[in-house]
Amino acid sequence: MRINTHLQQLKGSYLFTEIANRTRAYQQAHPEANVLRLGIGDVTLPLPQVIVEAMHRAVDELSCADTFRGYGPEDGYSWLRQAVIDHDYTPRGIRLTPDEVFISDGAGSDLGNLSELFDNTNSVAILEPSYPAYVDTSRMAGRDIIWLPCLAKNNFYPELPSEKADIIYLCFPNNPTGTVLTRKELARWVDYARTNHSIILFDAAYEAFVEDPEVPHSIYEIEGAEEVAIEIRSFSKTAGFTAVRCGYTVVPKATGLQAMWSRRQCTKFNGASYISQRGAMATYTPEGQAGIKANLNYYKQTARILSDGLRAMGYEVWGGANAPYIWCRVPQGFDSWSFFDRLLNTCQIVCTPGAGFGPSGEGFVRFSAFSKREDVEEALRRMKKL
Ligand code: PLP
């Protein structure tokens, strides 16, 4: 037996463990402190009632002989796949068939599993700083990584790879920098992929935060993208499903990968739970739409309060519009971690040090808008005294 040494050599998840350790140590030393957690990228508002009721009904169905169900289709129930197309794609002029939509238990699993479609000798281009899953998944497969640094001098927009990249992970709206691409900017990536016979894995987990009409919600708004892009989406941040678990991945037939992905899923995945798919379906009802929009509006407004407040104090800030993340340059004399410590020790605020997302994140911290409004306002008051 030979183990996967690539996996063995992966470092532990230093970033969030270290944040948790430092926060715990502070809280133990100051049990009376009201620590404000503005670092975490997890939703905080409860699910809209119509979604909860749909899941309750689904559980009740399973308790009754007449309505009981066993395994569902591996790729998801047809009613949900059709609803995804009708609500998320057709209104944007995108034509898909239900067998191109694969319901999953969230974007995290699909982002990792899609790697299996490609030979390990493929090169992978990854934006840096980045959500860690792309890097770790590529390292587990032993792939060569082409880094695409996103720097302040370019407003955190990546340059196209100067060498040939076979697989390209793109994430827009971006975690952690909160940047977005316009249609014209995204079209350059689609052109690159078509010219170089690359595949783009487009992580659209934060699509629901887009408000600017120039910014696409889906990569398939770009002509020809259906030949070179797989899109990964999730109900996690759109509808507050981080605990429920449901998402979907679009693999158009024109990529030549749809049948392979279906084959892979049918072998290794027995489908997302019936209950979570019923919950996801309820997000598309008028009450579901109203409920999730109300929650999204709350986060969007929190993002604005946070980014405006930081700017008013003289901080250099990116994101916060069309995205739930605010990327903030640390004051002179600090690095990511020393500013994290300063905020924790002086203001009892937890943020996420940018260096944890890659070397180009050094000198920045990430704030999250998935926080309580009163915590954000209190955080801004405390930071004024810094
Ligand atoms: N993609 C990005 C960019 C994320 O930030 C996250 C979660 O924070 C995910 C994917 C994973 O989402 P899911 O809950 O659907 O697995």
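Just so you know, ligand 1 is whichever comes first in the structure, and atom 1 is the first atom listed for that ligand. Here, residue 1 is the first one in the sequence, and each next residue gets the next number.
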Open item on the list: Please identify which of these residues, Phe156, Trp337, Phe357, meets the ring pair (Phe, Tyr, Trp, His ring centres under 6.0 Å) condition with Phe364.
Closed with: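 Testing each of Phe156, Trp337, Phe357 against Phe364, the sole residue satisfying ring pair (Phe, Tyr, Trp, His ring centres under 6.0 Å) is Phe156.
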Checking the N or O distance criterion of under 3.5 Å, is ligand 1 in contact with [X]?
X      : answer
Asn175 : yes
Ala205 : no
Tyr325 : no
Ala107 : yes

Less than 4.0 Å is my threshold; does some heavy atom of [X] fall inside it relative to ligand 1?
X      : result
Tyr134 : yes
Asp203 : yes
Phe241 : no
Gly247 : no
Ile232 : no

Tell me: protein heavy atom nearest [atom], and distance?
atom                    : answer
atom 14 (O) of ligand 1 : Ser236 OG, 2.6 Å
atom 5 (O) of ligand 1  : Tyr206 OH, 2.6 Å
atom 7 (C) of ligand 1  : Lys237 NZ, 3.2 Å
atom 9 (C) of ligand 1  : Tyr131 OH, 3.3 Å

TODO: In plain terms, say whether Glu378 and Arg382 are close enough for a salt bridge, that is, a side-chain N and a carboxylate O under 4.0 Å apart.
DONE: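 Between Arg382 and Glu378 there is a salt bridge, with a charged N closer than 4.0 Å to a carboxylate O.
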Task: Electrostatic pair Arg373:Asp375 at N-O distance under 4.0 angstrom - done: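 Salt bridge: no.
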TODO: Treating Ile, Leu, Val, Met, Phe, Trp and Tyr as nodes and any side-chain heavy-atom pair under 4.5 angstrom as an edge, say whether Leu47 and Val59 lie in one connected cluster.
DONE: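 Yes.
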Open item on the list: Between Phe102 and Tyr248, does the side chain to side chain contact (heavy atoms under 4.5 Å, CB included) criterion hold? Intermediate values first, please.
Closed with: CA-CA 5 Å; Phe102 295 83; Tyr248 60 86; over 6 Å; no
Open item on the list: Below 30° counts as parallel, above 60° as perpendicular, anything between as tilted: where do the rings of Trp189 and Tyr192 land?
Closed with: tilted
Sub-4.0 Å atoms of ligand 1 with respect to non-hydrogen atoms of [X]:
X      : answer
Ser234 : 13 (P), 15 (O)
Cys171 : 3 (C)
Gly106 : 15 (O), 16 (O)
Leu111 : 1 (N), 10 (C)

Between [X] and [Y], a side-chain donor and acceptor under 3.5 Å:
X      : Y      : result
Asp75  : Ser262 : yes
Arg245 : Ser104 : no
Asn4   : Gln8   : no
Tyr206 : Tyr325 : yes

Task: Proximity of Tyr77 and Tyr274 rings by center, below 6.0 Å - done: yes
